[in-house]
Trainee: 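The structure follows.
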Amino acid sequence: MAQDGQSQNIDALMAESRTYPPDPAFTEQANAKPGFYDQDPDEFWEREGRERLSWFTDFTTLKQWDRPYAKWYLGGKLNACYNCVDRHVENGLGDKVAYYWEGEPVDDRLTITYADLQSRVVKAANGFKSLGIGKGTKVAVYLGMIPEAPVTLLALARLGAPFTFVFGGFSATALGSRMQEMECEYLITQDAANRRGKPGPLKPTADEAMDMAPTVKTCVTVNRTGTEVDMLDGRDHWWSDVVDGQDDDPKSCPCEPMDSEDLFFLMFSSGTTGKPKGILHTTAGYLAGTSTTHHYVFDIKPETVYWCAADIGWITGHSYIVFGPLVNATTSVMYEGTPDFPDKARWWEIIERYKVNVLYTAPTTIRTHMKWGTEALQKHDLSSLKILGSVGEPINPEAWIWYRDNVGGGKCPVVDTWWQTENGMILVTPLPGLTTLKPGSATHPFIGVKAAVYDEAGKEIAPGDGAGYMVVKEPWPAMFRGLLNDDQRFRETYWSTFPDAYLAGDGARVDGDGDFWLMGRIDDVMNVSGHRLSTIEIESALVSHPDVAQAAVVSRADATTGQAIVAYVTLKDGAEGSPEKLTELRDHVGKEIGPIAKPANIVFADSLPMTRSGKIMRRLLKDVAENRALGDTTTLADPSVVNEIKERADSEK
Ligand code: ATP
Ligand code: MG
């Protein structure tokens with residue numbers, strides 16, 4: 001972390017002081033009652049595991065911890081698909097809506113009840129079985145946000161086949177290398193995905209990827225858009241041929257009893273800080289952790305309409321579009337397309353149509369909506385909303401306030417949830433009926449999560465005493481169990497820095513109230529003239545200027561100051577930068593944080609380089625600032641963006 005090897009703490013220069021205590025009326029009806037945190041964590045997880053999940057064989061031991069290897073709910077047998085689908089139908093919830101699915105083309109909608117979902121899943125599972133998929137068969141999934149996406153995951157879970165879902169926007173190389181690493185034998189994909197009114201090819205990309213991954217012998221393709229694709233005899237099958245004629249009687253394809261610790265799926269991290277890591281998740285702890293957090297953090301009631309607007313291709317989608325909500329028999333909205341198709345009101349229309357109560361999205365999307373303004377939003381009735389969630393990056397206080405005021409009508413608690421692909425489930429988060437909210441703070445570790453902030457020496461920093469490394473000291477149920485084929489990287493990356501804790505890789509501080517503030521990656525912390533500054537604080541100061549839509553801050557080596565701050569800024573309404581604006585923004589940061597934090601350069605850009613999951617890729621901007629060749633760009637959403645920025649930065653030298 002520290003380039004100079006001796007500074008301990010990030011100087012927390014900016015203090016956000018606004019607070020929002022919970023509404024007593026909300027607390028009254030909330031799932032998490034006062035005293036929630038006083039429960040014994042082991043008793044809590046034991047009870048949640050028993051009551052929230054249905055077991056074929058009850059577990060005998062809650063957990064086993066042989067650092068860094070954790071096991072949960074030992075001795076138990078269960079099936080994820082049974083827990084997400086079959087038992088709800090058996091319990092009389094067959095007519096309850098599982099998904100309100102909204103395709104991107106206007107008026108392309110489906111209401112899928114739990115009984116419909118069961119029928120679709122059993123048919124798919126029977127179809128997959130007819131092709132040879134069974135317990136332990138490794139399968140890659142490369143789909144957009146269509147009903148077949150959750151159906152496929154559930155069908156594979158039913159059969160006990162571990163999967164890796166690769167985000168539909170990824171390249172052939174990204175898909176091919178992931179399939180090869182996991183040695184997948186099957187691939188489930190679709191012809192093309194709707195993207196802003198046009199089909200974006202998936203099958204041709206999958207073809208290229210299969211050339212790189214010779215273990216894949218069979219591919220099933222959903223026909224979503226009617227786009228013509230090549231079908232290779234003997235390898236390629238249409239979904240409709242494999243699935244449509246199958247039996248949908250659940251008895252025709254029973255749910256495979258799986259051990260609590262059987263591999264459930266593999267998920268590659270976003271690649272924000274380097275090459276993506278193949279993260280392993282097992283069955284019972286993952287299901288217990290995701291469904292329990294879903295229930296309490298989003299205060300899910302039987303009648304709640306819930307919308308997690310992520311993509312299923314990310315861990316957020318796995319945990320909080322598919323498995324957590326379905327275990328809880330929740331009604332979810334699932335949307336195929338982009339927020340601006342056919343126009344910028346699409347999201348607000350969806351919320352109004354389905355009377356959505358909970359919206360869970362990412363800061364990048366909130367900032368995009370801020371950039372577009374409130375006109376589209378004001379035309380729609382969003383009064384059904386009760387809770388707003390955020391995940392993926394630190395949320396700038398200004399974006400938090402905007403979200404609360406404009407989307408939530410000033411009345412909805414905002415839950416800023418901190419967690420990682422490795423974590424599987426939300427780890428630090430407010431509980432909407434209990435927590436006093438602070439814009440920009442993820443506040444409180446969830447029950448049983450022993451989060452802490454350590455200094456360089458591995459000593460816990462007391463509340464209010466500054467910032468350091470975000471760590472977790474005890475295992476949690478949905479914790480990853482390792483990295484695929486790379487135990488050494490697993491131990492080195494997460495478990496070698498401190499002898500007694502998991503290293504998250506993020507910087508954080510705990511304030512005097514014990515609330516956590518996540519400050520970005522430890523690699524992104526800067527040292528300017530001896531002051532430790534975090535990128536997120538300076539970005540938040542820039543975003544608080546009325547003209548700024550997005551900001552990314554990095555440092556470059558500087559002979560005088562050690563490191564100098566470079567800011568990349570996009571302005572609202574597509575406005576162009578100017579020398580006057582540059583001075584104004586520098587002064588604004590000086591006023592908000594202090595003169596030391598004023599960027600040495602500001603580069604105005606039309607957009608910023610983002611990972612495909614919507615996170616700012618600071619490491620590439622650092623490469624630009626320091627005139628280096630660009631590092632791994634395989635997870636970049638739009639490679640042209642960084643080249644444009646490079647050209648602009650070069651022309652200004
Ligand atoms: P890689 O590990 O491959 O570099 P990544 O860390 O971006 O990729 P993810 O697991 O998708 O992959 O993202 C987790 C990271 O996202 C966290 O470590 C943290 O930096 C950031 N993050 C997520 N939620 C929050 C939040 N609420 N507040 C602050 N940061 C968050
Ligand atoms: Mg990470």
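It should be emphasised that the depicted structure is a prediction, and the values quoted were computed from it without experimental measurement.
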Trainee: Tell me the closest heavy-atom pair linking Ala564 and Ala600, and the distance in Å.
Mentor: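 Reported closest heavy-atom pair: CB-CB, 4.0 Å.
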
Trainee: Hey, are the side chains of Tyr335 and Arg346 touching, using non-hydrogen atoms and a 4.5 Å cut-off?
Mentor: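 Sidechains of Arg346 and Tyr335: in contact.
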
Trainee: Test salt bridge (charged side-chain N to carboxylate O under 4.0 Å, His left out) on Glu393 and Arg367 and set out the steps.
Mentor: CA-CA 12 Å; Glu393 286 184 295; Arg367 291 191 299 260; 3.0 Å; yes

Trainee: Please report the closest heavy-atom contact between Val414 and Arg404, naming both atoms and the distance.
Mentor: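 The answer is CG2-CB, 3.8 Å.
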
Trainee: Please evaluate residues Ile315 and Trp419 with respect to the criterion side-chain contact (heavy atoms from CB on, under 4.5 Å), reporting the C-alpha separation (whole Å), side-chain torsions for both, the decisive distance (0.1 Å), and the verdict.
Mentor: CA-CA 10 Å; Ile315 191 71; Trp419 59 295; 3.6 Å; yes

Trainee: Using a strict threshold of under 4.0 Å (side-chain N to carboxylate O), is an ion pair present between Glu626 and Arg619?
Mentor: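 Salt bridge flag = no for Glu626 with Arg619.
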
Trainee: Are Arg489 and Glu492 ion-paired here, with the side-chain N under 4.0 Å from a carboxylate O?
Mentor: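 So Arg489 does not pair with Glu492 through a salt bridge.
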
Trainee: Check whether Ser171 reaches the backbone of Ala174 with its side chain - one donor and one acceptor, N or O, closer than 3.5 Å.
Mentor: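 Judged by distance alone, yes, a pair lies under 3.5 Å.
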
Trainee: Are the side chain of Thr611 and the backbone of Lys615 linked by a donor-acceptor contact shorter than 3.5 Å?
Mentor: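 Between the backbone of Lys615 and the side chain of Thr611 there is a qualifying donor-acceptor contact (under 3.5 Å).
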
Trainee: Would you confirm whether Ser270, through its side chain, and Thr272, through its main-chain N or O, come within 3.5 Å as a donor-acceptor pair?
Mentor: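 Pair absent, no side-chain N/O of Ser270 close to backbone of Thr272.
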
Trainee: Side chain to side chain donor-acceptor pair (under 3.5 Å) for Tyr360 and Ser390? Distances and angles first, verdict last.
Mentor: CA-CA 6 Å; Tyr360 189 29; Ser390 173; over 6 Å; no

Trainee: Are Leu427 and Val472 packed together at the side-chain level, in the sense that at least one heavy-atom pair is separated by less than 4.5 angstrom?
Mentor: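 Contact flag for Leu427/Val472 side chains = yes.
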
Trainee: Do Asn396 and Ile536 touch side chain to side chain, with heavy atoms closer than 4.5 Å?
Mentor: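 Yes, close enough: below the 4.5 Å cut-off.
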
Trainee: Spell out, as yes or no, whether a donor-acceptor pair under 3.5 Å connects the side chain of Thr435 to the backbone of Pro432.
Mentor: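 No; zero donor-acceptor contacts below 3.5 Å.
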
Trainee: Hey, could you give me the CG/CG distance between Leu382 and Leu388, rounded to the nearest 0.5 Å?
Mentor: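 If we round to the nearest 0.5 Å, Leu382:CG and Leu388:CG are 9.5 Å apart.
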
Trainee: Closest heavy-atom contact between Ala508 and Val453?
Mentor: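 Distance-wise, the nearest heavy atoms are O-CG1, 3.3 Å.
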
Trainee: Validate the cation-pi geometry between Arg178 and Phe268: distance from NZ or CZ to the six-membered ring centre under 6.0 Å, angle to the ring axis within 45°.
Mentor: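 Flagged: Arg178 positioned over aromatic ring of Phe268.
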
Trainee: Does a sphere of radius 6.0 Å around NZ in Lys386 hold more than 12 heavy atoms from other residues, nucleotides or ligands, not counting ones at 6.0 Å or beyond?
Mentor: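 It does not: Lys386 NZ has 12 such atoms or fewer within range.
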
Trainee: The test is salt bridge (charged side-chain N to carboxylate O under 4.0 Å, His left out); show your working for Asp465 and Arg509 and say whether it passes.
Mentor: CA-CA 8 Å; Asp465 273 0; Arg509 68 187 162 88; over 6 Å; no

Trainee: Charged N to carboxylate O below 4.0 Å: is that the case for Lys438 and Asp511?
Mentor: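 Salt bridge: yes.
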
Trainee: Take Asn527 and Gln563 through the test side chain to side chain donor-acceptor pair (under 3.5 Å) and record every step on the way to the result.
Mentor: CA-CA 6 Å; Asn527 190 336; Gln563 285 179 305; 5.6 Å; no

Trainee: Say whether, by atom type as modelled, one donor and one acceptor occur between the side chain of Ser384 and the main chain of Val356 under 3.5 angstrom.
Mentor: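 Indeed, once roles are kept as given, a pair shorter than 3.5 Å links the two residues.
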
Trainee: Taking it one step at a time, do Tyr142 and Phe170 satisfy ring pair (Phe, Tyr, Trp, His ring centres under 6.0 Å)?
Mentor: CA-CA 9 Å; Tyr142 183 59; Phe170 271 143; 8.5 Å; no

Trainee: Return yes when atom CZ of Arg18 has more than 12 non-hydrogen atoms of other residues, nucleotides or ligands closer than 6.0 Å, and no otherwise.
Mentor: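 Atom CZ in Arg18 is crowded, with more than 12 foreign heavy atoms closer than 6.0 Å.
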
Trainee: State yes or no: are the ring centers of His281 and Phe265 separated by less than 6.0 Å?
Mentor: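 Ring centres of Phe265 and His281 closer than 6.0 Å.
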
Trainee: Can you find a heavy atom in the side chain of His369 that is under 4.5 Å from one in the side chain of Thr374?
Mentor: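 Heavy-atom side-chain distance check fails, nothing below 4.5 Å.
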
Trainee: List the steps, then state whether side-chain contact (heavy atoms from CB on, under 4.5 Å) holds for Val471 with Phe498.
Mentor: CA-CA 9 Å; Val471 302; Phe498 302 118; 3.8 Å; yes

Trainee: If you apply the rule side chain to side chain donor-acceptor pair (under 3.5 Å), what do you find for Thr634 with Asp632, and how did you get there?
Mentor: CA-CA 6 Å; Thr634 51; Asp632 186 310; 2.5 Å; yes

Trainee: With a 4.0 Å cut-off on N to O distance, would you call Arg195 and Glu104 a salt bridge?
Mentor: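 Salt bridge absent between Arg195 and Glu104.
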
Trainee: In terms of side-chain geometry, is the basic nitrogen of Arg618 or Glu539 positioned less than 4.0 Å from the acidic oxygen of its partner?
Mentor: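 Here Arg618 pairs with Glu539 in a salt bridge, since their nearest N and O are under 4.0 Å apart.
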
Trainee: Would you kindly say whether Asn627 and Arg556 are connected by a side-chain donor-acceptor distance under 3.5 Å?
Mentor: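 No donor-acceptor contact under 3.5 Å links the two side chains.
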
Trainee: Would you please test Trp418 and His444 for ring pair (Phe, Tyr, Trp, His ring centres under 6.0 Å) and show each step?
Mentor: CA-CA 10 Å; Trp418 176 84; His444 207 286; over 10 Å; no

Trainee: Which value, rounded to the nearest 0.5 Å, describes the distance between Leu280 atom CG and Tyr286 atom OH?
Mentor: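 Going from the CG atom of Leu280 to the OH atom of Tyr286 covers 13.5 Å.
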
Trainee: Of the options Leu620, Val624, Leu621, which is the one that meets Lys646 in a side-chain contact (heavy atoms from CB on, under 4.5 Å)?
Mentor: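 So the option named by the test is Val624.
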
Trainee: Taking all non-hydrogen atoms of both residues, which atom of Ile312 and which atom of Ala149 are closest, and how far apart?
Mentor: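 Distance-wise, the nearest heavy atoms are CD1-CB, 4.0 Å.
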
Trainee: Between CG of Asp606 and CD1 of Ile645, what distance do you get to the nearest 0.5 Å?
Mentor: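 Separation between the atoms: 8.5 Å.
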
Trainee: Could you tell me whether the side chain of Tyr320 reaches within less than 4.5 Å of the side chain of Phe298, counting heavy atoms only?
Mentor: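 The answer is yes, as the side chains (C-beta and beyond) meet within the 4.5 Å cut-off.
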
Trainee: Go through Val528 and Ser555 one step at a time and tell me if the side-chain contact (heavy atoms from CB on, under 4.5 Å) criterion holds.
Mentor: CA-CA 9 Å; Val528 180; Ser555 64; 5.9 Å; no

Trainee: Short question: side chain of Asp311, backbone of Gly313 - any donor-acceptor pair under 3.5 Å?
Mentor: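 Yes.
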
Trainee: Do Met470 and Tyr454 touch side chain to side chain, with heavy atoms closer than 4.5 Å?
Mentor: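 They are not in contact (no side-chain heavy atoms under 4.5 Å apart), so the answer is no.
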
Trainee: Distance-only, no hydrogens or angles: does the Asn406 side chain make a donor-acceptor pair with backbone N or O of Trp402 under 3.5 Å?
Mentor: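 Yes; at least one donor-acceptor contact below 3.5 Å.
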
Trainee: Donor-acceptor check, side chain of Lys411 to backbone of Leu385, threshold 3.5 angstrom: yes or no?
Mentor: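 Side chain of Lys411 to backbone of Leu385, a donor-acceptor pair under 3.5 Å: yes, one is there.
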
Trainee: Less than 4.5 Å apart, any side-chain heavy atom of Ser269 and any of Gln420?
Mentor: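 The answer is no, as the side chains (C-beta and beyond) never meet within the 4.5 Å cut-off.
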
Trainee: Side chains of Trp347 and Val407, heavy atoms from C-beta outward: is any pair under 4.5 Å?
Mentor: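 When only atoms from C-beta onward are counted, Val407 and Trp347 do not touch, as no gap falls below 4.5 Å.
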
Trainee: Tell me, with the steps shown, if Glu398 and Ser544 meet side chain to side chain donor-acceptor pair (under 3.5 Å).
Mentor: CA-CA 5 Å; Glu398 256 359 272; Ser544 76; 5.1 Å; no

Trainee: Should Val358 and Trp307 be marked as a side-chain contact (heavy atoms from CB on, under 4.5 Å) after you check the CA-CA gap, both sets of side-chain angles, and the distance that decides it?
Mentor: CA-CA 6 Å; Val358 182; Trp307 183 18; over 6 Å; no

Trainee: Can a donor-acceptor pair be found between the side chains of Glu456 and Tyr469 at a distance below 3.5 Å?
Mentor: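 Side chains of Glu456 and Tyr469: pair found under 3.5 Å.
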
Trainee: Can a donor-acceptor pair be found, under 3.5 Å and without considering hydrogens, that links the side chain of Thr330 to the backbone of Pro325?
Mentor: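 Confirmed, Thr330 side chain pairs with Pro325 backbone.
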
Trainee: Quick one: does any side-chain atom of Tyr403 pair with a main-chain N or O of Gly389 as donor and acceptor, under 3.5 Å?
Mentor: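 At least one qualifying donor-acceptor pair exists.
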
Trainee: Do you know which of Lys572, His588, Glu584 makes side chain to side chain donor-acceptor pair (under 3.5 Å) with His545?
Mentor: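 Of the listed options, the one satisfying the test is Glu584.
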
Trainee: Under the ring pair (Phe, Tyr, Trp, His ring centres under 6.0 Å) rule, what do His294 and Tyr306 come out as? Steps first, then yes or no, please.
Mentor: CA-CA 10 Å; His294 179 253; Tyr306 161 89; 4.5 Å; yes

